[in-house]
Amino acid sequence: MLKKLILLLCILQTETMIHAQAGKARMIVVTNNAPVAMVGKVINIPWQQFSNRFNITDTGLFAIIDNRTGNELPVQFKTLGKGQIQNLLTQVDISAIKSIHLQVIHRKRAPVQSKVFGRFVPERKDDFAWENEHIAFRMYGKALETTNENAHGIDVWVKRTNKLVISDRYRRNDYHDDHGNGLDYYSVGNTLGAGNIAPYFKDSVWYPGNFSSWKIIDQGPLRITFSLTYDTVKISGHLVSSVKTISLDAGSWLNKITIEYNSTTLDTLPVVIGIATRKEPGVMLLQEQKRHTRLLGANTSEIRYHWHRYYCKQLF
């Protein structure tokens with residue numbers, strides 16, 4: 001029987017859970033229970049509950065308004081690759097230990113400019129690159145494996161603009177120099193880079209190779225979600241395959257990464273999560289504040305690691 005181990009690395013910007021619920025008078029109440037403000041936080045609202053509560057029959061004929069400012073909020077329909085809407089995403093600002101009220105009205109929404117983007121880049125040896133208005137990342141595909149440029153981890157591209165820059169940088173074929181919008185100055189090489197994950201057996205990190213296929217699950221304007229599939233490899237005598245699912249929200253500096261490992265012989269799978277630092281002098285602004293590990297399922301079928309960190313742009 002196939003044994004499945006799922007590792008969820010959930011890197012958040014605050015220690016709070018956001019609860020959104022339908023209120024009276026066509027209102028949504030969103031509460032921030034954390035002692036820090038949330039700025040540009042993307043929240044999920046179950047679509048079926050939302051559409052039933054507010055009698056939404058046309059997905060193009062409703063708008064969400066922030067009662068404090070009167071401003072219309074951006075909307076994204078999240079499908080999870082299932083073809084039908086699963087959740088509604090919107091983006092809010094909430095002060096610490098406060099609630100806000102959002103009004104739902106029936107009217108055509110204003111166009112929304114996407115704040116996230118991701119794509120496969122076959123013209124650059126099978127990269128997959130993704131970004132939001134603050135930061136960009138990439139991971140490497142099979143075409144790079146046979147070259148002396150090969151790298152295993154997640155690469156970071158810093159930005160000096162809120163514009164989406166991935167396609168422009170690849171078109172220039174020059175992303176290690178700053179042309180006014182930032183550059184790639186993060187060195188990955190034979191490391192896990194900026195938060196990649198790999199199995200750990202017998203005091204060794206076992207790199208699974210580069211991804212062999214990809215799939216975009218949701219593409220903006222508030223969240224990019226995609227999956228990367230890796231070939232089956234032998235790890236300390238065990239055959240293991242894996243799939244990474246990665247999400248990046250508008251307004252965030254960090255990704256949410258879910259890794260599913262499959263093996264016919266393993267009950268547990270030790271893994272490592274790494275961040276490679278630059279050689280140049282720098283300042284660590286804040287280190288890990290809280291880590292919570294819990295085991296779910298009767299047969300170690302699911303392991304979840306939750307890291308809560310505060311970051312800002314000077315980290316890399």
Side-chain angles (χ1 to χ4, degrees), residues 9 11 113-198 205 207-214 216 219-220 224-228 230 244 246-257 272-285 309 311-316:
L9 170 62
I11 308 181
Q113 183 174 2
S114 186
K115 298 180 181 179
V116 297
F117 177 67
R119 75 175 181 96
F120 178 57
V121 192
E123 68 270 27
R124 220 303 298 192
K125 298 178 181 176
D126 292 356
D127 288 359
F128 194 100
W130 68 103
E131 65 179 317
N132 64 10
E133 72 272 41
H134 297 315
I135 195 166
F137 304 90
R138 65 172 170 170
M139 294 190 74
Y140 304 103
K142 284 294 180 183
L144 200 71
E145 275 191 345
T146 57
T147 75
N148 58 9
E149 302 175 90
N150 192 31
H152 302 289
I154 299 175
D155 194 18
V156 177
W157 287 8
V158 294
K159 299 172 68 170
R160 294 204 290 122
T161 176
N162 287 335
K163 295 180 180 179
L164 302 178
V165 301
I166 283 174
S167 292
D168 177 65
R169 290 188 187 179
Y170 277 114
R171 186 166 49 248
R172 288 175 180 267
N173 193 29
D174 181 10
Y175 34 79
H176 293 112
D177 296 312
D178 187 354
H179 294 280
N181 63 19
L183 75 162
D184 172 12
Y185 73 136
Y186 185 68
S187 180
V188 178
N190 190 32
T191 75
L192 292 170
N196 202 11
I197 302 171
V205 178
Y207 295 106
N210 297 351
F211 71 86
S212 56
S213 63
W214 58 275
I216 293 178
Q219 176 75 283
I224 169 77
T225 302
F226 61 94
S227 64
L228 303 176
Y230 293 77
K244 290 186 177 77
I246 301 174
S247 293
L248 177 64
D249 284 356
S252 178
W253 293 91
L254 303 171
N255 297 292
K256 175 181 177 181
I257 304 175
V272 290
I273 304 168
I275 296 180
T277 57
R278 288 173 55 84
K279 296 178 181 179
E280 293 83 356
V283 177
M284 179 65 71
L285 298 177
R309 293 189 175 191
Y311 274 65
C312 70
K313 70 181 75 174
Q314 290 90 345
L315 177 59
F316 298 110

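Remember, predicted model here, so these are calculated numbers, not experimental data.
What you find for A250 and V116 is that their closest heavy atoms are N-CG1, 3.6 Å. Scanning all heavy atoms of the two residues, the minimum distance from A276 to Y186 falls at O-OH, 2.5 Å.
Remark: R138 engages D184 in a salt bridge, criterion side-chain N to carboxylate O under 4.0 Å.
Using a distance-only test at 3.5 Å, with no hydrogens or angles considered, no donor-acceptor pair links the side chain of N132 to the main chain of L248.
Considering only heavy atoms from C-beta on, H134 comes within 4.5 Å of N162 through its side chain. Side-chain contact between N181 and R160: absent, with no pair of heavy atoms (C-beta onward) separated by less than 4.5 Å.
Surrounding CD of Q113 are at most 12 heavy atoms belonging to other residues, nucleotides or ligands under 6.0 Å away.
Atom NZ in K115 sits 11.0 Å away from atom CG in D249 (nearest 0.5 Å). Atom CD1 of residue I166 and atom CZ of residue R119 lie 8.0 Å apart, to the nearest 0.5 angstrom.
The aromatic rings of W214 and F120 sit parallel, their planes meeting at an angle under 30°, below the 60° perpendicular limit.
By the side-chain contact (heavy atoms from CB on, under 4.5 Å) test, S213 pairs with T229, sequence neighbours left out. A search for ring pair (Phe, Tyr, Trp, His ring centres under 6.0 Å) contacts involving F117 returns nothing, not counting sequence neighbours. Annotation: side-chain contact (heavy atoms from CB on, under 4.5 Å) contacts of S212 (sequence neighbours excluded): K142, D231. By the side-chain contact (heavy atoms from CB on, under 4.5 Å) test, N196 pairs with M139, I154, L192, K244, sequence neighbours left out. The side-chain contact (heavy atoms from CB on, under 4.5 Å) test applied to L144 returns R124, K125, Y140, T147, E149, N150, N210, not counting sequence neighbours. Residues passing the ring pair (Phe, Tyr, Trp, His ring centres under 6.0 Å) test with F211: none are found, sequence neighbours excluded.
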